[in-house]
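Please read these numbers as outputs of a predicted model, since none were measured by experiment. A, B, ... follow the sequence lines: proteins, then strands. Residue 1 opens every chain.
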Amino acid sequence: MADLLAIEQKWQKKWLDEKIFEPNVDKKKKKYFVAIPYPYTNAPFHIGHGRTYATSDIFARYRRMSGLNVIWPMAYHVTGTPVLATSAKIESGDEDTKKLFREYIKLHTKNDKKVEEILKSFVNPEAVMSYFSKTFYADFNSLGCSIDWRRQFTTNDKDYNKFIEWQFKTLHKMGYIKKGEFPVLFCQRCGNAVGVDDIKNGDQIKPEVQEWYLWKFPYEDGFIVCATLRPETIYGVTNLWINPDGNYAKVQVDNEIWYIGQKAAEKLRTQKAKVFVKDVFLGKEIVGENCKSPVTGKKIPIFVGTFVEPQAGSGIVYSVPAHAPFDYAALKDVQRKGIAADIEPIVIIKVEGYSEAPAVEAYNKYGIKSQNELEKLNKATEEVYKAEFYSGTLNERCGKFAGKKILEVKDAVVEHFVKEKVLDKLYEVNALEKPVKCRCGEEVTVSVLKDQWFIDYGNKEWKEKARKCLRQMEIVPESSRKLFEDTIEWLHEKPVARKRGLGTKLPMDPSWIIESLSDSTIYMAFYTVVNHIRNNGLKPEQLTENFWNYVLLSKGKETDVEKETGIPKKLLLKMKEEFEYWYPVDLRHTGNAHLSNHLTFYIFNHAAIFPEKHWPRTISMLDMLIKDGKKMSKSLGNVIPLAEVPQRYTTDLFRLYIAYGADLSSVMDFKEADVLALKSKIHQFFNLVISAKKGKTVKPCSINKWIVSRFNTNVLEATKAIESYNPRLYVQHAFFNVLNDVLYYQRRHTDETLLVKEIFPEWVKLLAPVMPHLSEELWEHLGGKGFVSLASWPKSDKKRIDSTIEASEELVSNTTADISEIIKLVGHAAQKITIFVADEWKSKLMAVVADMVEKGKRDFREIMTELMKDEAMKKHAEDIAKIIPRLLRDVKKINANAMGAKKEKELLEEAKEFLKEEFKAKIEIAAEHESREQKARQAMPGKPALLIS
RNA sequence: GCGGGGGUAGCCAAGCGGUCAAAGGUGCUAGGUUCAGGGCCUAGUCUCUUAGUGAGUUCGAGGGUUCGAAUCCCUUCCCCCGCACCA
């Protein structure tokens, strides 16, 4: 058995040695830029990464063979906190971390002493980065990836920093970067913002920032503050509800006095500049008093509401009885006690399908009797809110907002009244389970960060540009487009910088570091020039704003830039030329997990900075990879490192399995048993090609025409599949279908000359994208010139695709199958097999019926009449009358392409030897009418009758 | 909650108005093979029937459109993913 691993290593070395994947600007050739997200350097690759990279390589190799000048560069992402965290943990002697990384290192290093040395060096983040970039390089190569390695860099390199600074200055000038307040989940003890990962059971309890709106109702020396999620209902307020036994406080908040729940006052401490409790009181102490509506100035009384939770929101709620079932229920309760008799629900929302006041209607419908019937009230509330939200419109009582749809009015209301200083916000930690605690044990709060830097994906013009960019792009799979559209819509201000981590300093404010999702959006442009920067020893300070403006945006004059930076004009021109040749990115291929962040940012940032001609072309995505039905995870111990792939399976086998195992758009379940089952197919293929014998001449015969036709069909289909980013279908045609055809061909025909001379060289090329190593080896064996990786993609010759000949062979193979079946039923081997070919009139019959059914005529009499117009058919009238109903009942039995009795007989005669061999029996072929056998009458076009004896 | 994707034979997974009892793989069964080493080939694998081209019931469930539906429409149940400051 051939040593496939050795073959693979041999070719990987040759590819690198001969630098065949290092393309240069060639204006005669169309370029194709493949840019796969650079990997993050704090853990080794596993086979999940392998799925992304193997499929990328298939696309890159295909494009290269189809004549494009393909470039696929690669770099390393190191910005952010994870690498720092790793180093910190190693330094602190964290045994779990050490153990984990020791295992990682062992994947590439056998020597134990060396392993420990490397591990020790990891206290330095630089060492972690450089170590993983080296192993990544090795892994990419051992996967056979056709990468141009001249352009590698890390995102912490000085020149890269300069590039990112330029990007952010540019965005800042456009007004897309701004400063503002921002609420975050925060741990007071750690003094840090906390993400889901930093929170105990964070992934399960799903902590989030809940935003409450606070309406300020003027009262005495300040305001009574009510929390709501529906600020637009303010016009319908009749009174306030307060829990009589709840703890409340008179609080100084900045320069105002607020009357609010004590718990709320605590929450405000981390959200407002100044919060000072002046006095405390129980809810009942202000029951019966009045405040004023902040929008109408109307008198608003305060009543007892036992349903009010003092800890939630501000601990005081306002009542909108017309639209909130809870409020109406509470109102009825107090009215029963003879209080508030004069209060009537104020209707402010018009809702389709509801009477005047939806809450009143729901209250009656559910038969609610008190504010304590939580279950019914919650149901009623949900129903009313939904209806109001989707089909409600504010009515004439709502001032300048009258006539607006609820769906659209909220933001406008908020914006207006925040300006009027009667509406404010309160943030609260919300989660499926409370309290929410940091890993350190401290309870998580919401803090409002002042002076936070944002990137404003909410900007209207920018969104419009992003939409336009998306519209022009090809999205694979197309079904994901909607998700992109939605993401573009909901994205808004995103914090763009942090205080911690590696990365580029924000040029507007160097105390901040640009966060790592934001520094990786347009870096593909950097690939096009980084080799020149490095080869010419350009210094970071030479890479000024004007330099980038000139090279990447064609702004300014080279002489001016030369003067400013000292970079020779010639070099500037060269870099600009290179950028303009390679840009835009043609293909970005990555996991669909990146859709709602990275990939959408990629679109946004390109749309902002570059002119339309440099906007990205195609994004293709793939789903994740799981192993034997389970997610791969360290804790399950089922992670297969990519570094083990060559030894464990051989690379081409892995690639074939990855490409074939699942559609890109679905989750791939990696089953080792299936991979190994495929192994035999690869060996079969390899041996088939390598041991085929070549004769001198090819004798024309129909089976030869058949294999040529079939092969051309498969080339056509395989090409279509790979063009539409479907590796699975490509492999099915290029590998499995061709293999099956060749095997069948060999049964039918012993001479292999045609295969060796015409089919195999093309087949090997066809397989080169998915199995590049074996293809190179076989290409060489077959006498191909140069590398198959650089050979031209097989062309499908449509003239040689002959559906008649394929159908003819189907007659033979179907007949073979039928014979086997009957032999099996008979239970003994056949001595003589008689094949009766259907008479000519049956073919005519088929043609006529097919034609009529095609035209929508399926009436028995009509068809019969049509057939009887033909004199020759009349004598078969009785048979015809039996056949037609059968055909009509089951349209697929109509053989519209019947080739005729004569042709059928010829073909079977030609296959006589084959059948004889196959069944070791005497074969006789006869026309239906030549025989008296009853069986003979069963013959139909394309389906001869059989008699076995 | 909002948004997206999906439910196909023992399992995985294609198909997305007729050529569909439904590709391919895997599992299982039978036969063959000068086949020792996780081979290879052929056939079968919803039910019944039959010396094959026959009948019935299937593609989460229930309705509908159509001469015809796994494929289109409606209702319903179930599963997965995203909702950010985290790479």
Side-chain angles (χ1 to χ4, degrees), chain A residues 37 39-40 42-43 77 79-83 182 184-185 193-198 202 206 208-209 382 385-386 389 449 452 454-455 457 477 479-480 482-483 485-487 489-498 501 515-518 520 592-598 600-601 623-624 629 657 660-663 665-669 671 673-674 676-681 683-684 728-729 731-732 736-737 740 743 747 814-827 830 853 856 858 886 888 890-897 918 935 938-940 942-949:
Chain A
Y40 198 83
N42 72 329
H77 200 192
T79 17
T81 49
V83 171
F182 190 67
V184 288
L185 294 177
V194 288
V196 171
D197 293 337
D198 306 313
K206 299 187 190 293
E208 60 182 13
V209 175
E382 192 182 331
Y385 280 18
K386 212 171 215 172
F389 187 73
L449 301 182
Q452 169 70 46
F454 292 95
I455 185 160
Y457 291 127
S479 60
S480 293
K482 179 85 173 66
L483 229 42
E485 288 168 354
D486 291 350
T487 307
E489 295 318 310
W490 68 252
L491 275 177
H492 50 263
E493 294 96 334
K494 173 188 176 349
V496 77
R498 312 174 77 188
E515 163 282 325
S516 67
L517 277 175
S518 301
S520 55
N592 60 8
H594 296 123
L595 192 154
S596 59
N597 45 53
H598 167 73
T600 308
F601 301 160
D623 211 313
M624 63 185 303
Y657 178 72
Y660 179 66
D663 272 335
S665 59
S666 46
V667 174
M668 174 170 203
D669 190 359
K671 295 181 181 168
D674 288 5
L676 296 172
L678 248 191
K679 194 175 184 173
S680 63
K681 291 273 179 212
H683 278 100
Q684 193 179 7
R728 176 196 176 87
L729 199 56
V731 168
Q732 182 156 342
F736 291 100
N737 286 2
N740 286 339
L743 290 172
R747 273 169 66 205
N814 286 344
T815 304
T816 314
D818 287 348
I819 294 171
S820 314
E821 190 154 342
I822 298 170
I823 288 175
K824 205 188 140 214
L825 282 163
V826 173
V853 168
R858 15 178 87 243
R886 282 220 314 260
L888 287 180
D890 195 353
V891 204
K892 62 199 172 200
K893 292 204 185 91
I894 302 172
N895 182 350
N897 303 314
E918 196 77 1
K935 274 282 165 200
Q938 287 185 7
M940 291 297 277
K943 195 87 188 168
L946 302 167
L947 186 67
I948 312 273
S949 56

- Task: Apply side chain to side chain contact (heavy atoms under 4.5 Å, CB included) to K494(A) and E515(A), showing your working.
- Result: CA-CA 10 Å; K494(A) 173 188 176 349; E515(A) 163 282 325; 3.4 Å; yes
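The pairing partner recorded for rG56(B) is rC46(B), the criterion being a Watson-Crick or G-U wobble arrangement whose two distances lie under 3.5 angstrom. Judged by Watson-Crick or G-U wobble contacts below 3.5 Å, the nucleotide rC72(B) has rG64(B) as its partner. Across all strands shown, rU33(B) is found opposite rG39(B) as a Watson-Crick or G-U wobble partner, with both distances under 3.5 Å.
Between S516(A) and the phosphate of rA87(B), there is a side-chain N or O to OP1/OP2 separation shorter than 4.0 Å.
Here the side chain of D486(A) is nearest to one of rA84(B), rG4(B), rC86(B), namely rG4(B). If you check rA87(B), rC41(B), rA84(B) against the side chain of R498(A), the one that comes closest is rA87(B). Checking rA87(B), rG3(B), rA84(B) against the side-chain heavy atoms of Y40(A) singles out rA87(B) as nearest. For S680(A), taking side-chain heavy atoms from C-beta onward, the closest of the listed nucleotides rC85(B), rC40(B), rG24(B) is rC40(B). The nucleotide whose nearest atom lies closest to any side-chain atom of Q684(A) is, among rA84(B), rA87(B), rC41(B), rC41(B). Distance from the side chain of L676(A) is smallest for rG38(B) among the nucleotides rC40(B), rA84(B), rG38(B).
Rounded to whole angstrom, the span from the NZ atom of K482(A) across to the C1' atom of rC83(B) amounts to 14 Å. Remark: P of rG38(B) and NZ of K681(A) are 18 Å apart, rounded to the nearest angstrom. Taking atom OH of Y660(A) as the reference point, atom C1' of rA14(B) lies 9 Å away to the nearest angstrom. The nearest whole Å value for the distance from the CH2 atom in W490(A) to the P atom in rG4(B) is 14 Å. If you measure from atom NZ of K679(A) to atom P of rG38(B), you get 10 Å, rounded to the nearest angstrom. One atom, CG of D663(A), and another, C1' of rC16(B), lie 13 Å apart when rounded to the nearest Å. Spacing between atom CE of M624(A) and atom P of rC81(B) amounts to 8 Å, rounded to whole angstrom units. Across the protein-nucleic acid pair, N597(A) atom CG and rC81(B) atom P stand 16 Å apart, rounded to whole Å.
Residue-level contact check: L595(A) touches neither bases nor backbone, having no heavy atom under 4.0 Å from any strand. Using a 4.0 Å heavy-atom cutoff across all strands shown, S666(A) reaches sugar-phosphate atoms only and no base atom. Counting any heavy atom pair closer than 4.0 Å across all strands shown, P944(A) reaches a base atom. Residue T79(A) is classed as a sugar-phosphate contact, given heavy-atom separations below 4.0 Å to backbone atoms only. A593(A) comes within 4.0 angstrom of nothing in the nucleic acid, heavy atoms only. Contacts of L678(A) with the nucleic acid, taken as non-hydrogen atoms under 4.0 Å apart, are absent. Among the protein residues, L729(A) comes within range of no part of the nucleic acid, since none of its heavy atoms lies under 4.0 Å from any strand. Among the atoms of the strands shown, only primed sugar atoms or phosphate atoms (P, OP1, OP2) are found under 4.0 Å from some heavy atom of P82(A).
Both S480(A) and G80(A) lie close to RNA chain B; mapped to their nearest nucleotides by heavy-atom distance, the more 5′-ward contact belongs to S480(A). Judged by closest nucleotide on RNA chain B, L483(A) is the one of V667(A) and L483(A) placed further toward the 5' end.
Nucleotides rG60(B) and rC48(B) place their C1' atoms 26 Å apart, quoted to the nearest Å. Between the C1' atoms of rG27(B) and rC77(B), the separation comes to 30 Å (whole Å).
Remark: the R728(A) side chain and the rA23(B) base include a donor-acceptor N/O pair separated by less than 3.5 Å.
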